[in-house]
Every structure is written in C-alpha cells, then in structure tokens.
Participant: 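Pasting in a structure now, in structure tokens, and then I'll have a few things to ask.
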Amino acid sequence: MALPMCGRLLYLNCRKIHRLSPIYRTICSQGSSDKYDYDLLVIGGGSGGLACAKEAAQYDKKVMVLDYVDPTPKGTKWGLGGTCVNVGCIPKKLMHQAALLGEAIDDSRKYGWQVQDDVTHSWDTLVAGVQNHVKSLNWGHRIQLKDKNVQYMNAKGSFVDNHTVKAVTAKGKEELVTAENIVLATGMRPRYPKIPGALEYGITSDDIFSLKKPPGRTLVIGGSYVALECAGFLNGLGFPTSVMVRSICLRGFDQQMASLVTDQMQSKGVEFLWHIVPQQLERTQDGHLTMTWMDGNGVSGHLHYDTVMFAIGRDPETSSLNLDLAGVELTASGKIASKNGEQSSVPHIYALGDILQGGIELTPVAIKAGKLLAQRLFGNQTLTMDYEKVATTVFTPLEYSCVGLSEEAAIERHGEENIEVYHAFYKPVEFSVAERTAEFCYIKAICTGEGDQRILGLHITGPHAGEMMQGFAAAVKCGLTYHQLASTVGIHPTSAEEVAKLHITKRSGLDPTVTGC
C-alpha cells in the first residue's frame with residue numbers, strides 16, 4: 001500500500017523522530033510490502049535496468065523504472081532504452097552495415113553486376129532510417145513495461161536516504177518514491193577532454209548517429225573501440241577520416257589483433273595520427289574546425305576538419321545520485337564499489353552494467369546480470385553472473401571478435417613457456433573473385449601447454465567475425481580443448497572452418513598462411 005505524501009514525508013524522518021503519533025509509528029513498523037511504495041525501484045532505463053525490472057515484474061512484484069537523459073552539449077537527447085539502443089550498439093551496427101554495403105557494391109562488379117560508376121550515398125537517408133528503427137525500439141520498451149505492469153517515469157532519480165529516492169521530471173515536478181530494493185543502472189557517458197573548445201565545437205558518439213548534416217572531413221580522437229568503429233564506418237561511407245591516438249589502440253585487447261585492425265583500416269584510407277594529443281579546438285570564420293595538437297616532444301601543429309569527435313573514454317553517471325545520503329560507496333573512478341557480485345556497500349542497493357566495479361561494459365552482460373539479480377531477489381534462485389569468458393566484437397571494417405584471455409594476459413597468468421598458440425592467416429572464399437586482400441584475416445587460439453590443451457582465448461579478425469565467434473564462445477565457456485577443436489569437422493566452404501583446422505603453432509616458426517581449399 002503506497003503511503004500518502006504526508007505519510008512519506010514523515011516516514012523519511014521515522015529513524016530520527018521518536019515521538020510520532022500512533023498511526024505513523026504503526027506505518028513505520030509495517031512489513032516491507034506495506035512499508036514501501038515498491039518492491040523494486042530501478043534508476044536507469046538501459047538494457048540492464050529494463051531487463052531486471054521486467055524480470056522482477058514476472059514474480060508479481062511492484063516495480064518502478066526511473067529514466068532520464070541529460071542532453072549533450074550539442075542538445076542531443078533520446079528515449080527509453082539506454083546507450084545500446086539509442087547511441088551505441090544498434091545505430092553503430094546499422095552504420096557499419098551501411099559502410100559494408102558500399103564495399104559490396106565495389107565487389108559486385110567483379111561478380112558481374114553492371115553497377116554505374118557514380119554511385120553516391122545519402123547521409124540524410126541513412127540517419128532517417130537508423131533513427132526510425134531506434135524510435136521503434138524506444139516505443140517497444142515502453143509497451144513492454146506497460147504490458148508487465150512496470151511503472152515508468154521519465155524523471156531523474158537521486159537518493160534522499162537508502163530507501164527513498166526523489167524523482168524530478170524535466171519540468172521540475174518532484175515526487176518521493178520508496179522501495180525495499182533499489183537497482184542502479186545509470187550507465188556511462190562519453191568524456192570530453194579538458195581543452196578549450198571541446199564542449200563548444202566537438203561531438204561524441206552520443207551525437208554522431210543523429211547528425212543533421214553529413215560530417216564531412218572528420219577527426220576522431222581516441223584509440224578506443226568506439227573511436228575505431230566510428231572512424232571505420234565514416235571512412236567506408238566516403239568521408240575522409242583521421243584518428244588521433246595518444247598511445248595505443250584497443251587497450252585491454254590482444255595487441256597483435258589490435259595492430260591487424262588498425263593496419264587494415266590504414267590500408268582502406270583511414271589516417272592514423274600517432275602519439276599526439278589535442279590542445280585546442282577552434283571554429284574558423286568559414287565554419288570549419290581547427291585542431292591544435294602537440295606531440296611528446298613539445299612539437300605542435302594545426303589540422304583542419306569539418307567535424308571533430310571525441311572517443312577518449314566514458315565516465316559513470318553516478319555523481320548526481322546523492323549516493324552519500326544512501327551510504328553507497330564509490331571507487332576512485334566513480335563506479336559503484338562491489339561487495340558481493342552486483343551488491344553495493346548497502347545490502348539492498350545493487351548496481352548493474354557499466355557503473356559496476358569489476359563488471360564488463362557490454363550490453364548482453366548487463367541484461368544477463370539484471371535478469372539473474374531479479375531471480376535471486378524474488379524467485380528464490382541462487383545463480384550469479386559469471387563475468388569470465390564473455391565474448392565481444394569490435395565492429396571495425398574488418399571485424400575483430402574474441403573470447404577469453406589475450407595472449408599478453410595468458411602469458412602473464414600462466415607464463416610464456418606454459419601456453420601454446422595455434423594460428424593461421426586465412427582467405428575468405430568470397431574475397432577471391434573480388435580480388436580483395438586477405439593479409440589481415442587471422443585466427444589464433446591460445447591454449448594451455450600440456451594435456452588436452454584447454455583453450456584460454458580465441459581471437460578472430462575477418463568478415464562477420466562476431467557471427468563466427470558466438471558458437472565458439474559457448475564451447476570455450478564449456479571448457480573447449482584444442483584436441484576437441486581439432487577433432488571437429490568444419491563446414492566447407494566457410495571462414496569458420498579455419499578455426500577447426502588450426503594446426504600450426506607460433507613456437508614452431510612455420511608459415512601459418514592457409515593454402516588450398
């Protein structure tokens with residue numbers, strides 16, 4: 001039973017005020033089903049938060065979701081669904097596909113298609129198509145919440161105490177909400193560098209997928225997977241693209257594979273500006289942008305672009321939650337400190353997704369963790385999220401997919417003498433007629449050195465690498481060994497069969513290039 005507003009306000013102080021009237025002493029001592037407005041309150045309407053809310057509702061629990069998006073400095077905002085749906089995985093994959101189609105048009109000529117030479121691309125048409133799909137997903141999430149009797153409020157939530165949250169709408173309307181359990185799933189937002197002009201003239205991945213006009217000549221700053229993915233599809237769509245990198249690309253990923261990714265991008269015309277950092281961004285009188293840069297030796301220069309996009313990292317959206325009023329501890333980076341899985345320092349407050357210390361910043365991880373959390377809270381289940389051996393894909397022009405340890409991590413954990421790496425350079429059969437180079441298509445399986453050689457990590461660069469990896473990822477999670485892999489008969493002719501055919505080790509020094517069919 002929800003308390004009337006006067007009851008809620010008195011409840012906020014029931015821990016401090018002892019001389020309450022008998023009726024409010026009774027209210028404050030009732031069981032949790034009557035003591036709080038909701039069994040579960042979720043702050044954040046992204047993938048993890050929505051999954052947790054919908055799963056909890058299936059147990060006939062009273063659930064509420066608060067979601068609010070602060071506009072970017074450029075004014076970009078979006079609907080329910082979080083980063084993945086609106087400004088992440090979904091629009092990124094669609095623009096990646098658009099760039100691949102352009103490459104396929106070129107290939108088609110070698111396959112006999114009579115395609116005119118002056119094929120052009122419409123940025124406006126692409127953005128409209130992408131945004132129409134995104135809006136359909138926003139609406140779909142709203143409908144799903146309604147169908148499951150989950151209360152949704154487009155409002156920003158912040159703590160009053162560890163069971164009470166203040167919800168504030170865009171128009172300033174405030175409402176106090178109490179809940180027995182609270183889940184934080186507010187995600188992360190792109191970081192801007194602290195240089196003059198960054199906020200005024202730069203954009204991030206929060207803006208790129210809905211730009212009102214074609215980006216033109218573009219500078220992408222950063223070596224993250226977001227930077228490389230965006231640079232890749234922009235270049236593929238015909239926009240001259242440069243990537244400014246302070247140190248290395250794809251930090252945390254296998255660096256041999258990262259080099260293959262960037263080398264392939266360079267071969268397709270993406271310019272990499274290594275070991276320099278931005279200093280200032282200015283707009284010229286003709287409307288173009290000038291980026292002042294500096295290298296490690298103090299040498300500086302200027303570069304000119306139509307669009308400058310920052311992809312230098314992301315920060316957790318936790319600063320406005322008033323977590324100190326709830327007693328929730330944060331890490332130095334602003335993430336929620338984890339005490340036991342998704343549990344925070346306050347036993348009934350949990351965190352999901354990108355803001356969780358020790359979690360993995362991937363949508364499917366947040367979804368799985370959210371569902372499992374709801375099952376433990378309300379379904380008497382015990383299964384917890386396994387954050388090991390989670391596969392992922394970088395959707396660069398030539399995709400890179402991996403599961404398990406990088407070669408560097410395997411060496412650090414097991415010692416170089418205790419691992420064996422099987423590898424191969426392969427050529428997708430569809431590359432042959434199109435006369436496309438396959439020098440960057442590569443597979444490696446990192447295994448323990450003795451016995452059945454359990455696979456510690458599997459890495460693939462190639463077309464549709466993500467589709468290839470999903471099945472192998474399930475096998476690796478189940479403890480796949482090299483001998484089991486090698487005894488598997490491949491499907492011919494596919495790129496995936498080359499994984500099962502791996503037989504040359506790095507240690508042998510033999511040429512790993514696949515020949516024949």
Participant: Go through the side-chain N and O atoms of Gln255 and Glu408 and say whether any donor and acceptor fall under 3.5 Å apart.
Facilitator: no

Participant: Quick one: are Pro190 and Tyr192 in side-chain contact, heavy atoms under 4.5 Å?
Facilitator: no

Participant: What's the shortest heavy-atom distance between Val127 and Met95, and which atoms?
Facilitator: CG2-CE, 4.1 Å

Participant: Verify side chain to side chain contact (heavy atoms under 4.5 Å, CB included) between Val261 and Leu228, making sure each step is shown before the conclusion.
Facilitator: CA-CA 9 Å; Val261 168; Leu228 299 190; 4.1 Å; yes

Participant: With Lys444 as reference, evaluate His459, His423, Glu407 under the side-chain hydrogen bond (donor to acceptor under 3.5 Å, both in side chains) test and give the passing residue.
Facilitator: Glu407

Participant: Any side-chain heavy atom of Ile203 within less than 4.5 Å of one from Val308?
Facilitator: no

Participant: Might you confirm whether atom NZ of Lys368 has over 12 heavy atoms from other residues, nucleotides or ligands at distances under 6.0 Å?
Facilitator: no

Participant: Quick check, are the ring centers of Tyr422 and His503 under 6.0 angstrom apart?
Facilitator: no

Participant: Could you pull out the closest heavy-atom pair between Ser495 and Ile443, with the gap in Å?
Facilitator: O-CD1, 4.4 Å

Participant: Do Thr290 and His302 have side-chain N/O donor and acceptor atoms under 3.5 Å apart?
Facilitator: no

Participant: For a quick test of reading the model, state the closest non-hydrogen atom pair linking Phe440 to Thr461 and the distance between them.
Facilitator: O-OG1, 2.7 Å

Participant: When you compare the side chain of Glu271 with that of Val243, does any pair of heavy atoms fall below 4.5 Å?
Facilitator: no

Participant: Check the side chains of Gln266 and Gln264 for a donor-acceptor pair under 3.5 angstrom, ignoring hydrogens and angles.
Facilitator: no

Participant: Quick check: do Lys110 and Glu435 have side-chain heavy atoms less than 4.5 Å from each other?
Facilitator: yes

Participant: Report yes if the side chains of Leu126 and Ser122 come closer than 4.5 Å at any heavy-atom pair, otherwise no.
Facilitator: no

Participant: I'd like to know whether NZ of Lys77 has more than 12 heavy-atom contacts from other residues, nucleotides or ligands below 6.0 angstrom.
Facilitator: no

Participant: In terms of heavy-atom contacts, does NE2 of His414 have more than 12 from other residues, nucleotides or ligands at under 6.0 Å?
Facilitator: yes

Participant: Would you indicate whether the side-chain heavy atoms of Pro397 and Phe233 approach each other to under 4.5 Å?
Facilitator: no

Participant: Please tell me whether Lys371 and Gln381 have a donor and an acceptor in their side chains that are separated by less than 3.5 angstrom.
Facilitator: no

Participant: Looking only at the side chains, is there a donor atom on one of Asp206 and Thr76 sitting less than 3.5 Å from an acceptor on the other?
Facilitator: no

Participant: Check for me whether the distance between the ring centres of Trp113 and Tyr111 falls short of 6.0 Å.
Facilitator: no

Participant: Is there side-chain contact between Asn138 and Trp78, with heavy atoms separated by less than 4.5 Å?
Facilitator: no

Participant: Do Ser344 and Ser338 have side-chain heavy atoms sitting under 4.5 Å apart?
Facilitator: no

Participant: Are Ser247 and Arg251 linked by a side-chain donor-acceptor pair shorter than 3.5 Å?
Facilitator: yes

Participant: Step through it carefully: locate the ring centre of His96, locate the ring centre of Phe395, and say whether they are under 6.0 Å apart.
Facilitator: yes

Participant: Examine the side chains of Thr513 and Asp511 and answer whether a donor and an acceptor come within less than 3.5 Å of each other.
Facilitator: yes

Participant: When you check the side-chain N and O atoms of Tyr442 and Gln256, is any donor under 3.5 Å from an acceptor?
Facilitator: yes

